[in-house]
Chemist: 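Please see the structure below; I have some questions.
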Amino acid sequence: MTTVVLKTVCVLLCAVFISAQVMPMPDFNLEKMGGKWYLVGFATNAERFVTHLRADMKMATAVMVPTEDADLDLSYSHLKSDGSCFRMHHLAKKTEIPGRFVFDNELWGNSNDMRVVDAKFDEYAIVHTIKTKGGKSEILNKLHTRTRKIADDLKEKFKQFSLDTGILEENIAILPMNGIFYQSSWSLIK
């Protein structure tokens with residue numbers, strides 16, 4: 001038991017250190033980030049994902065709108081298993097570094113440092129977020145795509161980035177589609 005706890009603590013500390021080194025992509029374009037996206041990939045070291053959320057997670061939609069102040073208005077929604085719709089909204093404030101934004105999540109009570117680390121804006125964006133609450137930090141990597149289909153090489157790119165940022169392989173998921181015509185289970189990237 002002690003070995004498992006020590007391994008977990010080491011992985012978390014390593015992941016936070018690595019995350020501090022993750023920088024936004026050099027040629028970030030705020031206007032091209034705007035529009036509708038599908039949240040198709042999710043990777044995190046957050047314990048609640050492992051213990052509670054993973055089994056119920058499905059593909060979501062995101063709408064990102066650049067503001068006049070160069071901030072990014074984020075709206076996420078997905079259909080919950082009971083048929084209701086879950087919605088989340090944030091205004092991600094720009095920082096001095098293009099592609100890096102910060103916002104507070106009132107629902108979860110955490111501060112978020114979000115970085116767009118890779119994108120081909122008409123196809124995909126990989127977003128790395130460090131979430132901090134009560135002095136404890138967690139990592140969340142998201143894969144957004146413009147369509148629901150995900151190429152195998154993009155799955156592999158997302159998996160490798162997540163592993164490189166300290167996420168355990170079993171905590172990297174490609175989310176299943178949501179709704180009547182969608183598949184009903186999520187899959188690990190193998």
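Quantities reported herein were computed from a predicted structural model and do not represent experimental measurements.
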Chemist: With sequence neighbours excluded, what pairs up with Thr147 under the side-chain hydrogen bond (donor to acceptor under 3.5 Å, both in side chains) test?
Modeler: none
Chemist: Please confirm whether the backbone N or O of Lys36 pairs with a side-chain atom of Arg146, one donor and one acceptor, at under 3.5 Å?
Modeler: yes
Chemist: Suppose we screen for side chain to side chain contact (heavy atoms under 4.5 Å, CB included). Which residues come up paired with Asp152, at least two apart in sequence or across chains?
Modeler: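 If we apply the side chain to side chain contact (heavy atoms under 4.5 Å, CB included) test to Asp152, skipping adjacent residues, the hits are Lys155.
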Chemist: Of all residues at least two apart in sequence or in a different chain, which pass the side-chain hydrogen bond (donor to acceptor under 3.5 Å, both in side chains) check with Thr95?
Modeler: none
Chemist: Tell me whether the rings of Trp37 and His144 are parallel (<30°), tilted (30 to 60°) or perpendicular (>60°).
Modeler: perpendicular
Chemist: Please, which pairs that meet salt bridge (charged side-chain N to carboxylate O under 4.0 Å, His left out) have at least one residue in residues 119-130, sequence neighbours excluded?
Modeler: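 Checked against salt bridge (charged side-chain N to carboxylate O under 4.0 Å, His left out) - neighbours excluded - the pairs reaching residues 119-130 are Lys120-Glu123.
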Chemist: Can you list the residues that meet the side-chain hydrogen bond (donor to acceptor under 3.5 Å, both in side chains) rule with Asn29, with sequence neighbours excluded?
Modeler: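 None.
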Chemist: Using links of under 4.5 Å between side-chain heavy atoms of ILVMFWY residues, direct or through other members, which residues join Val65 in one cluster?
Modeler: Val63
Chemist: Does Glu96 have any side chain to side chain contact (heavy atoms under 4.5 Å, CB included) partners at least two apart in sequence or in another chain, and if so, which?
Modeler: Arg100
Chemist: Just jot down the side-chain hydrogen bond (donor to acceptor under 3.5 Å, both in side chains) partners of Ser75, sequence neighbours excluded, or say none.
Modeler: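 Not a single residue meets the side-chain hydrogen bond (donor to acceptor under 3.5 Å, both in side chains) criterion with Ser75.
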Chemist: Lys157: which residues meet the side chain to side chain contact (heavy atoms under 4.5 Å, CB included) condition with it, sequence neighbours left out?
Modeler: Asp118, Tyr124, Ile126, Leu154
Chemist: Please name all residues satisfying side chain to side chain contact (heavy atoms under 4.5 Å, CB included) with Thr67, sequence neighbours left out, ordered by chain then number.
Modeler: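 In terms of side chain to side chain contact (heavy atoms under 4.5 Å, CB included), with neighbours along the sequence ignored, Thr67 is linked to Asp69, Asp71, Asp73, Leu91.
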Chemist: Mind checking what makes salt bridge (charged side-chain N to carboxylate O under 4.0 Å, His left out) contact with Lys32, not counting sequence neighbours?
Modeler: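 Per chain and number, Lys32 pairs via salt bridge (charged side-chain N to carboxylate O under 4.0 Å, His left out) with no residue.
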